[in-house]
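Chain letters run A, B, ... following the sequence lines, proteins first and then strands; every chain starts at 1.
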Protein chains: 2
Amino acid sequence: MSTKVSDSTIRRLSHYLRILETLERSGGGTVSSTHLAQAAGTTAAQVRKDLSLFGSFGKRGLGYQVADLGDRIRGILGLDRSWPVVLVGAGRIGSALFEYRDFRRRGFEIVSVLDRDARKVGVRWGPIEIEDAATLEAVIARESVEMLILAVPAPAAQEIVDRAVAAGVRGVLNFAPVRLRTPDGVFVHNVNMVMELEALSFDLTSREHGLEVGRGD
Amino acid sequence: MSTKVSDSTIRRLSHYLRILETLERSGGGTVSSTHLAQAAGTTAAQVRKDLSLFGSFGKRGLGYQVADLGDRIRGILGLDRSWPVVLVGAGRIGSALFEYRDFRRRGFEIVSVLDRDARKVGVRWGPIEIEDAATLEAVIARESVEMLILAVPAPAAQEIVDRAVAAGVRGVLNFAPVRLRTPDGVFVHNVNMVMELEALSFDLTSREHGLEVGRGD
DNA sequence: AGGTGTGAACACTTTCACAGCA
DNA sequence: TGCTGTGAAAGTGTTCACACCT
């Protein structure tokens, strides 16, 4: 029960959860791995393998209880609680993230926004007032924050992370296009939109040159 | 030369390219796979394997010519051209993406922004005027666009994609939290920020329960 | 010596196929 | 019968180790 769990499995669990929540809203009942797989764009065997890494949640012949499975996955992912998050960087991306409703809906609450720019410090964003990035450590302590969203320019990113980690942060969602160095026990997930467009560019380019991938006609 | 190339390889190529461009700016010369690997956070063997999928770009005993390797990777990724892109959705995320400088820097140019909301249509964003989403097909034809950035609410996403694909779009960067259905030959890459936070939540939660991962002390 | 290119070994992930319970 | 849970097989991706070129 404490073996290595792959990143893809976690992403799929997150996806299953989204589907289960839709089902919860429209009544509940039970789902089969086949149904979940179809909705998530994977296979029934994959769904069962993913879940079986954490326990036996279904009933043979019946499937999974929608509400129960939802609870289980929330438990696995650590979503049966609320996560206070600090956002560093009040630029365009930071602002979009701050307004992003789905974060709060899932229990991630941005409790403080910091920026280095003196012209931004003090500005109100809804219920929050932008604070000086110099006070990062104090804010992390004050809010007991373990997660940080980093939306600052690349050159500033590493310094902020170093300070945040020293102040107790253990997880970072990084939007800056740099590979951050962190000690063991600190987790970084990167969102790099340029990289995604480049992957798309590759897909379109290779197809043009005529790869196999198949259309058939 | 036309074998299957994994997604991870493409992402790493994109990363190598970023490093090479930094090196280009600071003089050029040559790099070894070891050096590249270190900067990209991977292994020398991995770098060589990745590159060898596309050809032999290095000189034994010497390494890779920085400028040349950059050109090669740009060629592989299809970045030796400019890509016109249509952005659908002029909300918070759309706006942040529109202002995102790194897109243009890499040859992705947002040539048109569309929105369904009549109050947004006609609004100027710098050199561009927001157009009505109803004209999607016309815009795609007019601008000869093959790539779409989707930043609309989840319920609207599938319809936009269907229409865009029918009008000739072959690649979509999707920010809506839904699995899009597309025909063969159309590529979709998803950016799901909630999913990333949930993965972080899992990381932090599992560590708390005491997994192996190792800190040692 | 120094560093690439690559087959072979290894590790990890996904799929298969079926035993077993409701 | 229907659908889960899971070992075993197949498939993918990564690392090793070394021949070979400069």
Side-chain angles (χ1 to χ4, degrees), chain A residues 1-16 19-20 23 29-70 72-73 76 199 202 211-214, chain B residues 1-16 19-20 23 29-70 72-73 76 199 202 211-214:
Chain A
M1 203 179 256
S2 89
T3 339
K4 264 269 204 42
V5 178
S6 82
D7 227 59
S8 345
T9 292
I10 296 305
R11 285 242 263 287
R12 283 192 299 266
L13 286 180
S14 177
H15 200 168
Y16 303 155
I19 293 158
L20 288 165
L23 292 173
T30 66
V31 242
S32 64
S33 56
T34 311
H35 184 102
L36 260 180
Q38 189 156 35
T42 180
T43 68
Q46 182 73 79
V47 170
R48 296 200 299 275
K49 250 288 145 57
D50 286 340
L51 296 175
S52 78
L53 293 174
F54 300 95
S56 298
F57 307 140
K59 291 254 182 302
R60 297 173 195 234
L62 263 166
Y64 305 87
Q65 207 69 31
V66 168
D68 174 60
L69 186 57
R72 300 305 194 113
I73 295 181
I76 293 163
F202 172 78
L211 231 53
E212 71 290 345
V213 185
Chain B
M1 202 178 255
S2 89
T3 338
K4 263 268 204 40
V5 178
S6 83
D7 229 59
S8 346
T9 292
I10 297 305
R11 286 242 262 288
R12 284 191 298 267
L13 286 180
S14 177
H15 200 167
Y16 303 155
I19 294 158
L20 288 166
L23 292 174
T30 68
V31 241
S32 64
S33 56
T34 311
H35 184 101
L36 260 180
Q38 190 156 34
T42 182
T43 66
Q46 183 72 80
V47 171
R48 296 199 300 274
K49 250 284 146 60
D50 286 338
L51 296 175
S52 78
L53 293 172
F54 300 95
S56 299
F57 307 140
K59 291 252 183 304
R60 299 176 192 230
L62 262 165
Y64 303 88
Q65 207 69 30
V66 169
D68 174 60
L69 186 57
R72 299 304 194 115
I73 295 181
I76 292 163
F202 172 79
L211 232 51
E212 69 291 344
V213 186

From [atom1] of [X] over to [atom2] of [N], roughly how many Å is that when rounded to an integer?
X	N	atom1	atom2	value
B:D7	C:dT13	CG	P	15 Å
A:R72	D:dT4	CZ	C1'	14 Å
B:F57	C:dT6	CZ	P	11 Å
A:Y16	D:dT4	OH	P	12 Å
B:D50	D:dT12	CG	P	17 Å
A:Q46	D:dG11	CD	P	16 Å
A:L51	D:dT6	CG	P	11 Å
B:Q65	C:dT4	CD	P	13 Å

Of all the nucleotides listed ([options]), which has the minimum atom distance to the side chain of [X]?
X	options	result
B:S8	D:dC3, D:dA19, D:dG13	D:dG13
B:S52	C:dT6, C:dT4, D:dG5	C:dT6
B:R60	C:dT14, D:dT4, C:dG3	C:dG3

Inset, instruction - Would you indicate whether the side-chain heavy atoms of A:L20 and A:Y64 approach each other to under 4.5 Å? - result: no
Legend entry - Donor-acceptor pair (no angle test) under 3.5 Å: A:K49 side chain, C:dT13 base: no
Check whether any side-chain nitrogen or oxygen of [X] sits under 4.0 Å from OP1 or OP2 of [N], and answer yes or no.
X	N	answer
B:S32	C:dG3	no
A:Y64	D:dG5	yes
B:S33	C:dG3	no
A:R48	C:dT15	no

Inset, instruction - Take A:F57 and A:I76, measure what side-chain contact (heavy atoms from CB on, under 4.5 Å) needs, and give me the verdict at the end. - result: CA-CA 12 Å; A:F57 307 140; A:I76 293 163; 4.0 Å; yes
Inset, instruction - Could you tell me the separation between the OG atom of B:S33 and the NZ atom of B:K49, rounded to the nearest 0.5 Å? - result: 12.5 Å
Legend entry - Over all atoms of both residues, closest heavy-atom pair of B:T43 and B:A37: C-CB, 3.3 Å
Inset, instruction - Grab the two heavy atoms, one from A:T42 and one from A:V47, that are nearest each other, plus how far apart they are. - result: CG2-CG2, 4.0 Å
Inset, instruction - Please work out if A:T42 contacts a base, only the sugar-phosphate, or nothing of the nucleic acid, heavy-atom cut-off 4.0 Å. - result: nothing
Inset, instruction - Name the residue closer to the 5' end of DNA chain C, choosing between A:L62 and A:T9 according to the nucleotide with the nearest heavy atom. - result: A:T9
